[in-house]
Amino acid sequence: MQVIQAVFFGICVLTDLSSLLTKGSDSQEQERQLKKLISLRDWMMAVLAFPVGVFVVTMFWSLYIYDREVVYPKLLDNFIPSWLNHGMHTTVLPFILIEMRTTHHQFPSRSCGLAAVCTFSVGYILWVCWIHQVTGVWVYPLLDYISPGAKIIFFTTVTLVLNIFYLLGEVLNNYIWDTQKCIEEGKEKPKMD
């Protein structure tokens, strides 16, 4: 999760700096490169940063409240200070929402976006299973407590929830920026029926 967020926000900074540096430039090549960077930033927001970020915060704190030992054993408190735990599992959500509010992101087509989310999810699940195969230890202690059949149901549910969060991100992005467009044009936002 931290790698996704670091890469995503790094690309955001690079996009903003590139935009500032190329402002007023007539270079077609610089403009083309900037558009590619913006497309990458928007794709990462839509497919990875938002759905995975919301999922991590939601899943971690739900499980933590239910039984912290299955997701973050008390033993870890000796090695990981609480501020770092919040840095990994809490601050992701407000920062991603601030990014969504301050920058309009163009989401990919729904089918491409959902396919990318599913591909990421299956890849991550396979990686978690491979680590277990090699080390004999589940990356997430919760997986020790459920049967193989329940793991299949769990992994399928995780993939479905990530897809729901992708759709939520798309709806939220469109809502924020449709509202912003209406404000800029001096119109009242149409009522939802």
Side-chain angles (χ1 to χ4, degrees), residues 1-9 11-12 39-68 70-72 85-132 138-143 145-181 189-193:
M1 179 65 224
Q2 297 302 26
V3 172
I4 291 171
Q5 296 298 317
V7 170
F8 171 67
F9 282 111
I11 290 171
C12 288
S39 292
L40 176 62
R41 178 203 64 196
D42 291 350
W43 184 89
M44 280 199 70
M45 172 66 161
V47 171
L48 296 174
F50 185 84
V52 174
V54 173
F55 177 82
V56 165
V57 171
T58 304
M59 183 66 120
F60 177 83
W61 288 110
S62 296
L63 290 171
Y64 188 94
I65 290 167
Y66 175 72
D67 180 3
R68 77 171 285 178
V70 299
V71 71
Y72 193 80
N85 180 23
H86 283 291
M88 293 186 294
H89 299 113
T90 307
T91 60
V92 171
L93 186 57
F95 287 139
I96 210 71
L97 291 173
I98 290 167
E99 170 63 23
M100 184 175 274
R101 177 61 184 98
T102 58
T103 306
H104 179 258
H105 295 277
Q106 186 68 42
F107 276 56
S109 71
R110 186 166 287 166
S111 58
C112 289
L114 292 173
V117 169
C118 285
T119 301
F120 170 79
S121 181
V122 169
Y124 188 78
I125 289 165
L126 290 173
W127 178 74
V128 166
C129 291
W130 179 79
I131 290 172
H132 177 261
W138 285 106
V139 176
Y140 303 105
L142 164 72
L143 297 172
Y145 299 101
I146 58 178
S147 68
K151 282 181 181 74
I152 292 169
I153 293 168
F154 176 76
F155 290 143
T156 302
T157 303
V158 164
T159 302
L160 290 173
V161 169
L162 280 170
N163 279 280
I164 290 168
F165 286 148
Y166 169 84
L167 295 172
L168 175 66
E170 182 181 48
V171 167
L172 187 58
N173 185 66
N174 290 339
Y175 177 79
I176 289 169
W177 291 98
D178 284 349
T179 301
Q180 184 66 28
K181 183 178 177 185
K189 174 125 176 91
K191 301 258 190 273
M192 300 288 282
D193 291 330

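Computed from a prediction, not measured in an experiment: that's the story for all the values here.
Here the side chains of Y66 and V71 are not in contact, with every heavy-atom distance at 4.5 Å or above.
Among all heavy-atom pairs drawn from M45 and P51, the shortest one is O-CD, 3.8 Å. Nearest heavy-atom pair, W177 versus T102, reported as atom, atom and distance to 0.1 Å: CZ2-C, 3.8 Å. Scanning all heavy atoms of the two residues, the minimum distance from V92 to G87 falls at CG2-O, 4.3 Å. Between F50 and M100, the closest heavy-atom pair is CD1-CE, 3.7 Å.
Expressed to the nearest 0.5 Å, how far CZ of R110 lies from OH of Y166 amounts to 7.5 Å. Taken from OH in Y72 to CG in N85, the straight-line distance is 4.0 Å, to the nearest 0.5 Å. Distance CD/E99 to CZ/R41: 6.5 Å, rounded to 0.5 Å. To the nearest 0.5 Å, atom CG of residue L63 and atom CG of residue L142 are 5.5 Å apart. The distance from the CD1 atom of I176 to the CG atom of L97 is 7.5 Å, given to the nearest 0.5 Å. To the nearest 0.5 Å, atom CH2 of residue W61 and atom OG1 of residue T90 are 4.5 Å apart.
Using cut-offs of 30° and 60° on the angle between ring planes, the pair F8 and H105 is tilted. Ring planes of F60 and H89: parallel class, angle under 30° (limits at 30 and 60°).
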Under the side chain to side chain contact (heavy atoms under 4.5 Å, CB included) rule, what do L168 and F165 come out as? Steps first, then yes or no, please. CA-CA 5 Å; L168 175 66; F165 286 148; 4.1 Å; yes
Test side chain to side chain contact (heavy atoms under 4.5 Å, CB included) applied to V158 and F55, step by step: CA-CA 9 Å; V158 164; F55 177 82; 3.7 Å; yes
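N173 contributes no side-chain N or O that, together with a main-chain N or O of G169, makes up a donor-acceptor pair within less than 3.5 Å.
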Pairs under 3.5 angstrom only: tabulate donor-acceptor contacts from the side chains of residues 114-126 to other protein residues two or more places apart or in another chain.
| from | atom 1 | to | atom 2 | distance (Å) |
| --- | --- | --- | --- | --- |
| T119 | OG1 | A115 | O | 2.8 |
| S121 | OG | T159 | OG1 | 2.8 |
| Y124 | OH | Y140 | OH | 2.2 |

With a 3.5 Å cut-off and sequence neighbours excluded, list the donor-acceptor pairs that the side chains of residues 146-157 form with protein atoms.
| from | atom 1 | to | atom 2 | distance (Å) |
| --- | --- | --- | --- | --- |
| S147 | OG | A150 | N | 3.2 |
| K151 | NZ | L143 | O | 2.9 |
| K151 | NZ | I146 | O | 2.6 |
| T156 | OG1 | I152 | O | 2.8 |
| T157 | OG1 | I153 | O | 2.8 |

